[in-house]
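Since the structure comes first, as structure tokens, the remarks are kept for the end.
Below, chain A is the first sequence line, B the second, and so on; all start at residue 1.
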Protein chains: 2
Amino acid sequence: MNNVQEESLRDQKKNRRRRQILEIARGIIAAKGLRSLKVRDVAEAVGCSVGSVYNEFGDFDGVILTVNRETVQALTARLRGVPAEDPVRQLYGLAETYLDFFAGHANLLRSLFEHRMEDDRPYPDDILQMVMDAFALMHPPLVRLLPDADDVKIALLSRTLFSAVHGIISLGLEERMVAVPPQMLRQQIEQFLDVHLKGLGILPLR
Amino acid sequence: MNNVQEESLRDQKKNRRRRQILEIARGIIAAKGLRSLKVRDVAEAVGCSVGSVYNEFGDFDGVILTVNRETVQALTARLRGVPAEDPVRQLYGLAETYLDFFAGHANLLRSLFEHRMEDDRPYPDDILQMVMDAFALMHPPLVRLLPDADDVKIALLSRTLFSAVHGIISLGLEERMVAVPPQMLRQQIEQFLDVHLKGLGILPLR
DNA sequence: TACTCATATGAACATTGTTCAATTTAACTC
DNA sequence: GAGTTAAATTGAACAATGTTCATATGAGTA
């Protein structure tokens, strides 16, 4: 009995189309924002019927949520790529990598953080968990820098610090409002970390 | 010539209805979220036609934006009510007042920060400006605490600090995700300020 | 080939934002 | 107060968009 099922022609087409739908949807969100995403536009661009989108994702929220899931996965991958030799440098690296990712994919990040479900259906737990896990990536370097601190406190500190950085970036990149230039925002983040690490009794880089 | 124009019966009704529409719309957003706000629901609750909503606000975004405008005004009023005797206490007070307001009106705040315009029309400048002004309310106490610092730097610091607090609260109040309890969030904010003010060389309260 | 059933289709439907010709009504004139 | 005018109101019709489902298609199978 062979468990490694060969992919049938059916599954090939199904998976191929699934990828196509997500690619197109992501492209539209990235380029024109979540509010400009329309089922018919996606279906037409993919070259299938609207019904197929529904067969594959249940409803339109399903498409958005899957794009969001992949966004947080891509973000996490990028954050995991930050060098971990020096814990202080790692903290700065995480913040700056987040800034770069946010600046480069602002609409995708907004879709992740701002999309609300119809009615009062809850936002999928797994996505929220992935976001929390990403924000917990400051935990390891903080543990190294504060070896005597309670682990639970460090976990909270990690989420707090990352949430703070998120707030600064998220509002800083908000268009118009006197437009904080990206380079300035980078400096802003660095200075914020300088001060906060100093407050924690950690020697900053500079 | 009398410039103090007496309000005509027409204007009375017009203004009265305008207020009603906003009240109903605000109530729906607060109770069920922005995504549940429907023109017909508003019109029916007010007891007028959908056309009247359009006459008064141009389009539906106009209703939302006006509610958002009043939300940031109410927020600003609350923040201005924070005692200013002790600058350190004032900073904590601003953060905690923001937390209280956010916790008490989460859906209204989300509408303010998450609503995106149709197409690529810009979010009204005056609202963004009001948000920025609210976030600048940490400026005066910071000036008192850091009398030797450059005023431009303090302005940036004020926005940074408030944005950070916003990020912590905004994500902390995000439903589900292990649900940070309000009292815990309050502590989280306090500890965050403790550390950051210490990093700035300011003696914390405790 | 013939048969079966999962999948794809897209017209029809449901919901919701938007418009505008017709109607109502306040304000004004005599 | 009746008539006139202009502005506000109405709600049916329209437009845009999410959703469903009876039907058609085509891959798998004997």
Between [N] atom [atom2] and [X] atom [atom1], what is the distance in whole Å?
X     : N      : atom1 : atom2 : result
A:F57 : C:dA8  : CZ    : C1'   : 15 Å
A:Y54 : D:dA22 : OH    : C1'   : 18 Å
B:D59 : C:dC20 : CG    : P     : 14 Å
A:L34 : D:dG18 : CG    : P     : 10 Å

Can you check nucleotides 13-16 of chain C for protein contacts, nitrogen or oxygen pairs under 3.5 Å, and list what you find?
from: C:dT16; atom 1: OP1; to: B:K38; atom 2: NZ; distance (Å): 2.8

Do the non-hydrogen side-chain atoms of [X] and [Y] ever get within less than 4.5 Å of each other?
X      : Y      : result
A:T76  : A:D133 : no
A:L145 : A:L197 : no
B:D194 : B:Y92  : yes
B:E174 : A:Y123 : no
B:L75  : B:H105 : no

Tabulated below should be each protein N or O lying under 3.5 Å from an N or O of nucleotides 7-11 of chain D; please produce it.
from: D:dT10; atom 1: OP2; to: B:R17; atom 2: NH1; distance (Å): 3.3
from: D:dT10; atom 1: OP2; to: B:S49; atom 2: N; distance (Å): 3.2
from: D:dT10; atom 1: OP2; to: B:S49; atom 2: OG; distance (Å): 3.2
from: D:dT10; atom 1: OP2; to: B:S52; atom 2: OG; distance (Å): 2.5

Using a cut-off of 4.0 Å on non-hydrogen atoms, how would the nucleic acid contact of B:F60 be classed: base, sugar-phosphate, or nothing?
->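 Since only primed, P, OP1 and OP2 atoms lie under 4.0 Å of B:F60, the category is sugar-phosphate.
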Would you mind listing every salt bridge (Lys or Arg N to Asp or Glu O under 4.0 Å) that reaches into residues 47-60 of chain A, with sequence neighbours excluded?
->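 Checked against salt bridge (Lys or Arg N to Asp or Glu O under 4.0 Å) - neighbours excluded - the pairs reaching residues 47-60 of chain A are A:K14-A:E56, A:R18-A:E56, A:D59-A:R121.
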Give me the ring orientation class for B:F162 and B:Y98: parallel if the planes are under 30° apart, tilted from 30 to 60°, perpendicular past 60°.
->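 The arrangement is perpendicular - the two ring planes meet at more than 60°.
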State plainly whether the residues B:E190 and B:R89 are in salt-bridge range, i.e. N to O under 4.0 Å.
->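 Here B:E190 does not pair with B:R89 in a salt bridge, since their nearest N and O are not under 4.0 Å apart.
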